[in-house]
Participant: 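Can you read through this structure? Questions will come right after.
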Amino acid sequence: MLLSTRDLTKTFPGTRALDGVSFDLKAGEVHALLGENGAGKSTLIKCLTGAYHRDSGDILFEGQPIFPQSTLEAQAIGIGTVYQEVNLLPNLTVAENLTLGHQPRRFGLIRPRAMHAQAEAMLAGYGLEVDVRRPLGYYSVAVQQIVAIARAVHLSGRVLILDEPTASLDAREVRMLFDVIRDLRARGLGIIFISHFLDQVYEISDRLTILRNGRHIATRAAADVDRMQLITLMLGHELQQDAATRQRPAVQAEGAIKFAGTGRRGRIAPFDLTVHKGEVVGMAGLLGSGRTESAEVMFGAAPTDSGTVTDSDGPVDLRNPRAAIAAGFAFAPEDRKTDGIIADLSVRENIILALQARRGWARPIPQAEQVRMADDYIARLDIRTPDAEKPVGLLSGGNQQKVILARWLATNPRFLILDEPTRGIDVGAHAEILRLIEDVVAEGMSILVISSELDELVAVSHRVIVVRDRRHVSELTGDDVTTDTIVRAIASADDMPGAGA
Amino acid sequence: MSIRALPLYATIAIFLLAYLICYIQFPAMLSTRVIGNLLTDNAYLGIVAVGMTVVIISGGIDLSVGSVIAFSGVFIAVVLRETDMHPMLAFALLLAITTAFGAAMGGMIHLLAMPPFIVTLAGMFLARGAAYMLSIDSVPIVDPFYEMMQRAYYLMPGRGRLTLLGMIMVAAVVIGMIVLHRTRFGTNVYALGGGEATARLMGVAVGRTTVAVYAFSGFMAGLAGIVFSVYTSAGYPLATVGVELSAIAAVVIGGTLLTGGNGYMFGTLIGVLTMGLIQTYIVFDGSLSSWWTKIVIGALLLMFILLQKGLLRLRVSP
Amino acid sequence: QTIGFSQIGSESGWRAAETTVTMQEAERRGIDLRFSDAQQRQENQIAAIKSFIAQGVDAILVAPVVATGWDSVLEEAAEAEIPVVLLDRMVDSAPELYLTAVGSDLVHEGRVAGEWLVEAVDGAECRVVELQGTTGSSPAIDRKNGFEQGIADADNIEIVRSQTGDFTRTRGKEVMESFLQAENGGADICALYAHNDDMAVGAIQAIKEAGLNPGEDILVVSIDAVPDIFQALAAGEANATVELTPNMAGPAFDALEAYFADGTMPEKFIQTESKLYTQSDDPAGEYEARKDLGY
Amino acid sequence: MSGVLRRVAPQLLTLAAVIALVSIYFPMFYEVVYVNDRLVGIPIDVVKRGAPVALLAIGMTLVIATRGIDLSVGAVMAICGASAAWAIDQGFGMWAALGIAGASGLICGLWNGLLVAVFGIQPIVATLILMVAGRGVAQLITGGTILTFDHDGFSYLGSGTLLGVPVPAVIWVLTGIGFGLLVRRTALGLLVESIGINLRASTLTGINSRVLLIAVYMGSGFCAALAGIIATADIRGADANNAGLWLELDAILAVVIGGNSLLGGRFSILASLLGAMIIQTINTGILLAGFPSEFNLVIKAVLVIIILVLQSPRLLPQLAVLMPRRQSSPQKTKTEEGT
Ligand SMILES: Nc1ncnc2c1ncn2[C@@H]1O[C@H](COP(=O)(O)OP(=O)(O)OP(=O)(O)O)[C@@H](O)[C@H]1O
Ligand SMILES: Nc1ncnc2c1ncn2[C@@H]1O[C@H](COP(=O)(O)OP(=O)(O)OP(=O)(O)O)[C@@H](O)[C@H]1O
Ligand SMILES: [Mg+2]
Ligand SMILES: [Mg+2]
């Protein structure tokens with residue numbers, strides 16, 4: 001065994017994140033770690049790499065017990081890790097991020113040129129066009145993720161750990177990553193791979209370990225479990241399969257919101273878009289194509305500098321998010337850590353925050369009402385938290401996403417913009433969120449969904465807008481909404497006929 | 001690289017512009033005398049600002065430096081008065097003390113997870129208090145070695161003096177540049193300023209770096225104390241009150257963000273010279289009452305910062 | 001004539017008055033006075049003097065914040081042949097580095113205050129509390145020493161408490177309150193000695209608020225002779241003050257004039273009078289005479 | 001209520017410890033007597049003398065909760081004191097003086113708030129500007145002198161008593177209660193904490209963070225104005241140079257001793273006020289103890305360091321474990337969670 005744990009236990013106040021977990025990683029295998037949000041996957045790897053100190057249990061590296069006190073020690077024995085959220089430093093250059101801690105030196109001084117060459121070499125093979133001298137923060141989340149992977153791969157002499165590395169990557173980049181992983185596996189590394197995309201799990205993994213509520217449930221060869229069994233192992237029950245049957249209520253004609261020539265210089269070309277009441281509009285495109293920018297413009301987070309927005313009552317004021325919220329808009333952003341959650345506030349406070357902001361400071365929501373709302377949404381969205389008073393920053397990623405959804409649902413908006421709402425969310429919650437979208441749409445809410453998962457878009461959208469190079473290049477409706485057509489629209493060099501750009 | 005350096009360019013441009021304006025009003029401002037004075041008079045500030053830059057880039061702040069300078073002067077003066085130690089030995093002893101003092105503050109910040117602002121504020125009280133306990137009176141330093149250091153200057157054409165003290169400051173800046181931009185420690189400092197948790201996950205030895213950062217600042221404050229004691233050939237427990245704020249202002253004018261993770265050592269030198277320029281301009285003008293002096297310093301400070309922000313916005317937006 | 005004046009700051013009313021008087025004197029004599037405020041920092045003063053030299057002024061007045069550390073800048077001025085006159089505080093540099101110094105003897109001021117107290121209590125037991133100036137400043141040190149010399153021979157007088165009041169009214173009042181608390185509500189205190197009038201004025205308020213009569217229950221003696229203390233003297237709430245005149249510039253300009261005219265070297269130390277004022281010295285009149293001097 | 005008590009327990013314990021320490025040197029500490037219609041005693045002195053720092057700490061708590069800091073409060077005190085004294089001197093009367101002083105404080109706060117919220121200048125730097133220039137402004141008003149006045153109504157605010165209690169103490173307690181109610185009985189407290197933790201996310205949630213930030217700095221300016229009024233009324237004169245000198249540091253210290261994080265977010269005004277009283281007890285204790293002045297700073301520094309170390313986030317949990325009252329074993333938490 002390359003790396004194994006015996007009876008690993010880790011407790012946080014109010015939560016037992018790991019409960020006697022035993023786990024083995026062999027050399028030359030890709031071992032997927034699976035489980036619902038909050039199952040303890042990230043906690044397990046953080047204990048393995050010394051980022052957390054375990055309460056009890058053993059960690060063995062090649063049969064020898066190790067006691068990593070810091071990630072530095074883990075790196076020293078050849079464990080490279082990509083942690084769940086992009087964990088590099090945006091203020092350092094790409095090269096500095098890649099080489100931090102092992103910069104080439106002469107007489108104790110860093111040699112910048114050699115450092116840049118080394119960084120470029122580390123990035124070769126990922127098909128990235130970046131200037132390693134630029135600050136990392138200049139690049140998109142996807143680029144940052146790849147840089148993080150490149151760094152971890154470089155550091156991984158023996159073990160590579162990837163905690164949801166693909167959440168913000170598109171298909172092409174995932175393919176490239178998998179090529180790298182296969183290559184490393186062939187060279188005898190042990191690789192731990194965490195993902196909520198079961199397709200990817202089946203594509204790359206040799207074995208699977210399933211955690212639930214901090215406990216080890218099963219370890220199987222990937223070939224021995226089928227998808228349904230796997231999901232049942234993860235959830236502890238079968239997945240209700242009603243989301244697959246697509247029966248959407250027809251969109252309503254009145255109450256549409258019309259964007260005409262809306263745009264912002266340098267961010268997104270002016271576009272026209274009409275969102276009907278009770279309609280789900282999907283938005284597809286490659287990373288960096290301008291989907292988030294579209295959403296920000298539509299929510300007033302990046303105010304428009306052209307065009308008009310109207311509804312049946314006349315012009316809609318979208319000067320800033322506050323105005324947009326007053327007009328009944330809502331926006332669950334892509335980067336929940338920096339744009340979404342208020343980490344130190346409790347789940348309850350995070351849920352009521354948008355509603356409270358809209359009511360104004362002078363009319364506080366009564367405590368009892370707050371508790372009722374929080375409990376209600378915790379139950380409805382199945383948010384895994386010991387209680388409503390836990391700081392939201394301590395929840396697992398998927399549950400944080402649900403809290404943000406709850407925050408916006410609490411304001412009962414008429415137009416809800418969801419930017420990558422299911423990123424990092426487990427299969428169970430994924431299905432729940434899709435069901436939720438159907439529910440609120442049935443009540444007449446309009447929704448714009450931005451997602452890199454085309455299956456998901458196809459499953460929920462009435463209509464899909466395809467974005468490329470910061471322009472809305474085409475619009476697919478009705479039976480045209482299939483993964484195939486979307487992929488083609490994204491890839492095609494010229495605009496499809498009937499494009500609404 | 002160039003994007004990160006924009007604030008630095010803006011700072012340099014504003015400084016040159018300001019100098020030009022001063023020159024037009026008072027041609028004597030461009031004499032070697034004034035330039036020499038600018039370096040010498042701000043030597044202690046420049047040195048302490050080098051340490052402060054490192055601290056601020058690491059995401060911290062060091063309020064103790066002004067008191068440490070005062071302590072250093074008193075310590076050296078008392079040691080030289082009471083013993084017949086050679087000044088160089090006293091310097092070494094002092095630098096060991098101030099470095100250890102800085103390291104102790106860094107250790108507290110790291111081990112007890114206490115905010116730097118507060119730890120160094122306590123350090124500021126402690127160092128000043130220690131200076132009082134050594135002597136409440138100002139203690140003159142009479143020592144041939146000191147006289148030698150004071151007289152060590154190169155007379156530039158135009159009777160300007162390029163002094164040893166000024167050169168020590170320039171050397172400190174150069175060392176600071178090398179440490180910050182060309183060592184692993186320097187990159188770790190930037191990493192720490194970018195985000196401590198992330199830096200830790202990336203394998204930066206956060207504790208060691210924090211201690212080293214404040215030790216470096218303590219060392220520089222000690223060095224500034226030595227320079228200051230040469231400058232005034234005395235130790236005075238009431239000296240350099242509020243210098244920490246001047247140093248912070250100089251670092252900020254130099255384009256370093258107080259939030260940490262961004263900035264350049266060279267910018268700090270420009271910031272220090274800018275502060276010196278403001279001071280010189282006010283003296284040359286000579287018509288400001290005590291209160292207008294304060295208001296004008298504040299207003300010029302504000303102007304520099306707003307200009308810098310404006311320039312950056314202009315450059316970034318298109 | 002252009003003369004540079006490097007002032008310490010404006011930390012007290014007395015110093016503000018000194019600045020005003022200096023400016024008035026300069027104007028009266030048609031001197032172009034370049035004023036620089038050092039905000040209480042010696043390094044600023046040194047830099048200012050150097051800038052004056054670079055500017056090429058005809059003479060420099062300095063009110064040095066501290067005695068030490070002026071050698072090299074004074075040498076620089078001497079090299080540039082610019083005469084320097086010290087105002088109200090001394091430096092410990094070689095006398096040939098400056099033309100003259102105008103000032104009062106701080107130790108002497110303290111001694112005058114002490115001697116007044118010895119006389120006033122006339123042999124009776126007296127427990128004195130002392131409000132010191134800013135710790136480490138030369139007036140605080142010298143006025144303390146002087147007072148102690150003044151009462152050295154009187155065994156009946158004893159300083160029982162001594163704390164810094166930072167030369168300010170607020171702190172003077174606060175510290176006096178704690179003295180009163182600590183000394184049996186003030187019943188055990190016979191006299192107060194304050195290093196400046198501002199602290200005395202604050203302390204007088206504290207004494208009144210504690211239900212005692214300043215000037216009677218507790219004798220009050222202080223130094224500076226600012227207008228407000230004369231009001232207190234007139235009201236019988238203070239007993240004595242030692243004058244420190246803010247007109248240091250007048251004698252300084254006189255000396256400079258003589259020097260420029262025919263190279264007359266003035267005395268190295270021009271001492272101003274440290275006059276003692278008590279309740280019997282027409283305090284109301286003195287107040288009127290001073291109140292517009294910019295104190 | 002028990003939540004509040006648990007929050008301020010460390011501060012209460014510290015205060016008790018400091019009082020105990022002082023009373024070793026000064027056993028009469030607890031003696032409070034009623035003479036001449038006023039309470040007299042050291043605790044009374046502490047609550048009276050602590051008024052400026054307590055008032056500043058109230059505003060500072062809010063500013064720090066937004067992840068800012070206000071270095072200008074000392075200078076703002078001087079400005080407001082000076083304008084009040086000027087108004088009295090001009091014979092505008094008490095209420096006009098109070099109005100002018102309060103308005104000056106609000107304007108100073110507005111200035112800081114604009115620099116921070118609109119121009120995006122970092123709080124330390126933005127308020128440093130007013131810290132430097134503010135004293136100049138104050139001296140401009142007083143003309144560099146100590147502007148004295150004789151007005152019994154106004155002096156009452158500094159040295160009067162209400163039912164035996166010094167008026168400054170009444171003012172800070174009422175202000176503390178007022179601000180406490182304002183932030184906790186409305187949603188302001190939550191919104192302030194929110195922008196302090198994550199400004200960007202809060203703005204996206206629809207909080208008017210710009211206006212809120214400005215309001216918070218204005219609140220701090222207002223508290224500084226009250227402190228300035230008290231300081232001026234106390235000595236019946238405005239001392240532009242020394243009023244509130246370095247008090248910003250004591251105020252920040254009070255907020256931190258109150259267990260509030262300098263990184264913004266959760267805050268407790270009550271705890272900050274206790275912090276201010278801890279500091280004032282130390283200050284008064286030093287005066288009473290009768291050490292030579294040159295020891296003052298070292299004693300204060302050492303006490304503050306000890307307090308901060310004992311309250312530090314790393315040590316506090318450990319100390320809690322040492323106390324036998326509630327060992328939080330994992331098992332127990334588990335069952336609690338289950339029920
Ligand atoms: N620092 C922390 N403090 C307190 N609780 C924590 C902390 N980190 C994680 N937890 C809790 O531990 C449990 C496991 O979290 P973990 O992040 O390991 O889940 P995960 O399996 O990685 O979930 P996801 O798929 O959403 O990433 C969760 O209940 C979470 O709330
Ligand atoms: N692979 C890449 N190489 C270089 N730059 C990129 C790459 N991907 C994105 N960028 C740049 O990153 C910036 C922001 O990307 P961001 O992900 O925010 O765009 P987006 O339209 O929101 O993407 P998404 O469609 O994933 O939401 C853009 O300026 C884009 O040009
Ligand atoms: Mg995880
Ligand atoms: Mg996006």
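First the proteins, then the strands, lettered A, B, ... as listed; each starts at 1. Everything numeric in this text was worked out from a predicted model, so none of it was measured. The basis for the numbers below is simple: all heavy atoms, side chains too, and nothing from hydrogens, waters or symmetry mates.
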Participant: Using non-hydrogen atoms only, which part of B:Phe284 is less than 4.5 Å away from chain C: side chain, backbone, both, or neither?
Facilitator: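 Contact with chain C is through both the backbone and side chain of B:Phe284.
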Participant: In terms of heavy-atom proximity below 4.5 Å to chain C, should B:Asp285 be classed as side chain, backbone, both, or neither?
Facilitator: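 Backbone only.
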Participant: Side chain, backbone, both or neither: which part of B:Val243 has an atom under 4.5 Å from a heavy atom of chain C?
Facilitator: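 Both parts, backbone and side chain.
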Participant: Is the shortest side-chain heavy-atom distance between C:Glu75 and B:Gln150 below 4.5 Å?
Facilitator: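 In short, these two side chains do not touch, never coming nearer than 4.5 Å.
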Participant: Within a strict 4.5 Å, meaning less than it, do heavy atoms of the B:Lys294 and C:Ser10 side chains meet?
Facilitator: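 Answer yes - side chains close enough.
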Participant: Side chain, backbone, both or neither: which part of C:Glu79 has a heavy atom under 4.5 Å from chain B?
Facilitator: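 Only the side chain of C:Glu79 comes within 4.5 Å of chain B.
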Participant: With a 4.5 Å limit on heavy-atom distance, are the side chains of B:Leu238 and C:Thr134 in contact?
Facilitator: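 Yes. Closest side-chain heavy atoms under 4.5 Å.
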Participant: Identify the two heavy atoms, one from B:Arg33 and one from C:Ile53, that lie closest to each other, and give their separation to 0.1 Å.
Facilitator: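 Heavy atoms of B:Arg33 and C:Ile53 come nearest at NH2-CG2, 3.7 Å.
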Participant: What part of B:Phe26 gets within 4.5 angstrom of chain C, counting heavy atoms only: side chain, backbone, both, or neither?
Facilitator: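 Neither part; nothing is under 4.5 Å.
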Participant: Checking B:Tyr281 against chain C: side chain, backbone, both or neither under 4.5 Å from a heavy atom?
Facilitator: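 Interface part for B:Tyr281: neither.
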Participant: Given heavy-atom pairs under 4.5 angstrom as the criterion, report whether the side chain, backbone, both or neither of B:Tyr231 touches chain C.
Facilitator: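 B:Tyr231 touches chain C through backbone and side-chain heavy atoms alike.
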Participant: Please state whether the side chain, the backbone, both or neither of B:Ser135 comes within less than 4.5 Å of a heavy atom of chain C.
Facilitator: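 Contact with chain C is absent: no heavy atom of B:Ser135 under 4.5 Å.
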Participant: Give, as side chain, backbone, both or neither, the part of C:Ile46 having an atom under 4.5 angstrom from any heavy atom of chain B.
Facilitator: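 Both backbone and side chain of C:Ile46 come within 4.5 Å of chain B.
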Participant: So which heavy atom on B:Val283 is nearest to which on C:Ala48, and how close?
Facilitator: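 Closest approach of B:Val283 to C:Ala48, heavy atoms only: CG1-O, 3.8 Å.
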Participant: So which part of B:Ser246 gets closer than 4.5 Å to some heavy atom of chain C, the side chain, the backbone, both or neither?
Facilitator: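 The side chain, not the backbone.
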Participant: Let's test your reading of the structure: which of B:Val34, B:Leu45, B:Val241, B:Val139 forms the most heavy-atom pairs below 4.5 Å with chain C?
Facilitator: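 Of the candidates given, the most pairs with chain C belong to B:Val241.
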Participant: Is it the side chain or the backbone of B:Leu288 that comes within 4.5 Å of chain C heavy atoms, both, or neither?
Facilitator: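 Backbone of B:Leu288 only, per the 4.5 Å heavy-atom cut-off to chain C.
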Participant: Given that the side chain runs from C-beta out, which part of C:Ser137 has a heavy atom under 4.5 Å from chain B: side chain, backbone, both or neither?
Facilitator: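 Contact with chain B: backbone and side chain both.
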Participant: Considering only heavy atoms from C-beta outward, does the side chain of B:Asn37 approach that of C:Glu76 to under 4.5 Å?
Facilitator: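 Result yes, sub-4.5 Å side-chain heavy-atom pair found.
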